[in-house]
*Asks:* 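Here it is: the structure, laid out below.
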Number of protein chains: 2
Amino acid sequence: MAKKKISITDIAKDLNVSITTVSFILNKKAKGKISEEVIKKVEDYVKKVGYKPNQLAQGLRTGKSNIIVFMVEDISDAFFSSIARLMEEKSYQNGYKLIFCSTENDPDKTRDLIQMFKDRQVDGYIITPPDGFEKDIKSLADDGHPLVLFDRYFADLDVSHVVINNQESTFLSLKHMIEGGFRNIGFVTLESGQSQMVDRLEGYDRAVSLYGLSNYTLRINFKDFKTLKAYNIIEDFLDENPNLDGLFFATNYLAKSGLRVLKNRNITIPDQVGVMSFDDNEVFELYTPQISCLSQPIESIAEKLMEIMLKQLKNTNSNGHIIHSELPGNLVIRQSSFKN
Amino acid sequence: MAKKKISITDIAKDLNVSITTVSFILNKKAKGKISEEVIKKVEDYVKKVGYKPNQLAQGLRTGKSNIIVFMVEDISDAFFSSIARLMEEKSYQNGYKLIFCSTENDPDKTRDLIQMFKDRQVDGYIITPPDGFEKDIKSLADDGHPLVLFDRYFADLDVSHVVINNQESTFLSLKHMIEGGFRNIGFVTLESGQSQMVDRLEGYDRAVSLYGLSNYTLRINFKDFKTLKAYNIIEDFLDENPNLDGLFFATNYLAKSGLRVLKNRNITIPDQVGVMSFDDNEVFELYTPQISCLSQPIESIAEKLMEIMLKQLKNTNSNGHIIHSELPGNLVIRQSSFKN
DNA sequence: CTGAAAGCGCTTACAG
DNA sequence: CTGAAAGCGCTTACAG
């Protein structure tokens, strides 16, 4: 068993003061109430014995757990795990623990998880909500839980969120490809009503119609990635549209599936087909040729998320702090997106 | 604010029984003590109102937090984040929360983190310990904290661990390359006394000496990856050993750095230089040519880790359950490791 | 078969 | 300037 830990009562006893006094000093509420010498005596002693308050007891008393939960689509995805790593550090710096989980875009699983976190009095929620999760998010917000959505959001809901400018970012990527000489660019996306996917599609539609080009869109169900069926769906798409000379993938895992297809078919990039993807990924830099992409500002996203979350955590009852943050994406031009 | 939650006292009051009775029923300690009808009444009511015990109060009373911490080298590394994802699911299934953090192989940072987790009464520790962390691990174990090491361990310490057979796995990989026709194979590893790195090096040494080949070893400092200096170090290694016709990388990020170098220098794989890596990675499958590797059994590792952790969590005071688990690796042969 | 009560380690309104 | 006491929501030894 772990060594018995010292408690506030022990300190009070050892120093012949009341636990009230010790508690006030510990919580910096001693100014003007407790004499300087007692403050000093207690502080020195606390430092000497290395006392740390029991968070469970504090939590029980104050109703706070100091836990923030970070619910993403899939924690093993590079985009999400990179942000998780940054969030983890920022949480600890601010005295919070970060726990995380993967929703797999499954509303039922996500609902169960949220219920569990409520039961365990998690203080704050950072969520990439699945499709059709609007009501659940609304009730979480209505209950007054600190809450920030990211990567996607619900336009009808007055809930804080951090996203990037998906529409404009996709538009700029397509513009780059079109100006690079590609005329029949297919857009490979998810069968999803999530805002970020809708916005990306709109960016594509806008670019294609602005330049008077044909529209080729493929929507794949998220679940088909588990079964690798996505691979065959992309193959069929290529077969049905033999005149395609470019492909834009709306997420990094879509791009990876697509690259597998192109690779196995020995289709040369960019000569036969130009390629770009949303999200950067290690694979893209090491691929031959290197794949251009629209990269999300990981560091800024994490920073903004934590900033908004902390603001909510501090003033528990006011929900007058709804913040909608939209960050710009970065066009990363490598070799796959323009003709030589 | 969140809706006020129902407590055990509310239930007792509503049902005209004592909280003792309710508690016994909730904790399945009612058999033979409480009448069947009261049990039924309470259970039905609990289900109806959806009561869930307050974990903070339970924790304060029992001294348990139901939190397991998963401390890895770097949570954004694909190997670690894949295992994290599996561990996360298994934890929830068993009623535990999983929190995680990255040690960055820094003993000081790791020490601070552990101190923090102790202060917050985390129940169990799963750790990839950095170099020189033996004493800290020993004292954690001596204090009686449930503890499992993984990926690496300390031979002198009687602490449970889950690793793979690094020596034999590396030996088999090298054997495969040598039989594939490579004669001057360089071994690129970390400057590290961690057991897994030592074992991998031994596997290399054994293979090379068995076949009477020359030994070319490069050790890189972990910190040089942050500054990208690793890239230049690998370049120098190639310059100094122009007769190398093969490279084995002891981790996946070493391999990625190495592939960047080979790619930029237009060195063809496997004709000019054969390549293999420890750990599988998405990049390897999508690289041209596809990179062979020694893949770790992610699923089995996660399963074993959770099994051992749960065993320790159940019998708190007995440390008679030290388990040393060594799993086999899988040779994944693709295109980079044999001459045509 | 059931309940009153102590106690886990804190915070804070109230009293002096 | 300082302290006694209630209470957060549980578990469990003890009593009946």
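Proteins come first, then strands; the chains are lettered A, B, ... in the order of their sequence lines, and each starts at number 1.
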*Asks:* Does a side-chain N or O from B:S35 land closer than 4.0 Å to OP1 or OP2 of C:dC1, or not?
*Replies:* no

*Asks:* Of all heavy-atom pairs between A:H145 and A:Q312, which one has the smallest distance, and what is that distance?
*Replies:* O-OE1, 4.3 Å

*Asks:* For a quick test of reading the model: is some side-chain N or O of B:Y51 closer than 4.0 Å to OP1 or OP2 of D:dG9?
*Replies:* no

*Asks:* Please state how far atom NZ in B:K64 lies from atom P in D:dT11, giving the value in whole angstrom units.
*Replies:* 14 Å

*Asks:* What's the CD1-C1' distance between A:I25 and C:dT11, to the nearest Å?
*Replies:* 14 Å

*Asks:* Given C:dC10, D:dG9, D:dA13, identify the nucleotide with an atom nearest to the side chain of A:N54.
*Replies:* C:dC10

*Asks:* May I ask you to say what B:S23 touches in the nucleic acid, namely base, sugar-phosphate or nothing, with a heavy-atom cut-off under 4.0 Å?
*Replies:* base

*Asks:* Less than 4.0 angstrom between a side-chain N/O of A:Q58 and OP1 or OP2 of C:dG9, yes or no?
*Replies:* no

*Asks:* Of the listed nucleotides (C:dC10, D:dC10, D:dT2), which one gets closest to any side-chain atom of A:I34?
*Replies:* D:dT2

*Asks:* Can a side chain N or O of A:T62 be found less than 4.0 Å away from OP1 or OP2 on C:dT11?
*Replies:* no

*Asks:* Which part of the nucleic acid does B:T20 contact within heavy-atom distance under 4.0 Å: base, sugar-phosphate only, or nothing?
*Replies:* base

*Asks:* Nearest whole Å is fine: how far is C:dC1 C1' from B:I39 CD1?
*Replies:* 10 Å

*Asks:* Checking contacts here: which listed nucleotide (D:dC8, D:dT12, D:dC10) is nearest the side-chain heavy atoms of B:F24?
*Replies:* D:dT12

*Asks:* My understanding is that a pair needs two contacts under 3.5 Å, Watson-Crick or G-U wobble. By that rule, which nucleotide pairs with D:dC14?
*Replies:* C:dG3

*Asks:* Give the rounded distance in Å between these two atoms: CD1 of B:I8 and P of D:dC8.
*Replies:* 14 Å

*Asks:* side-chain contact (heavy atoms from CB on, under 4.5 Å), that's the test. Do B:F133 and B:I114 meet it? Break it down for me.
*Replies:* CA-CA 12 Å; B:F133 211 65; B:I114 290 179; 3.6 Å; yes

*Asks:* Within this structure, what is the CG-to-C1' distance between A:L60 and D:dG9, rounded to whole angstrom?
*Replies:* 6 Å

*Asks:* For the residue pair A:H161 and A:H324, categorise the inter-ring angle as parallel (less than 30°), tilted (30 to 60°) or perpendicular (more than 60°).
*Replies:* parallel

*Asks:* Closer to the 5' end of DNA chain C via nearest nucleotide, is it B:E36 or A:S7?
*Replies:* B:E36

*Asks:* Roughly how far apart are A:I126 CD1 and A:D151 CG, rounded to 0.5 Å?
*Replies:* 13.0 Å

*Asks:* C:dC10 C1' sits how many Å from A:N66 CG, rounded?
*Replies:* 13 Å

*Asks:* Among C:dT11, D:dT11, C:dT2, find the nucleotide with the atom closest to the side chain of B:R61.
*Replies:* D:dT11

*Asks:* Contact class for B:I19 vs. all strands (heavy atom < 4.0 Å): base, sugar-phosphate, or nothing?
*Replies:* base

*Asks:* Walk me through it: do A:L26 and A:Y51 pass the test side-chain contact (heavy atoms from CB on, under 4.5 Å)?
*Replies:* CA-CA 10 Å; A:L26 253 19; A:Y51 166 78; 3.6 Å; yes

*Asks:* Nearest-Å distance, NZ (A:K52) to C1' (C:dC10)?
*Replies:* 17 Å

*Asks:* Give the rounded distance in Å between these two atoms: CD of B:Q121 and C1' of C:dG9.
*Replies:* 10 Å

*Asks:* Over 60° means perpendicular and under 30° means parallel, so tell me whether B:F150 and B:F70 are parallel, tilted or perpendicular.
*Replies:* parallel

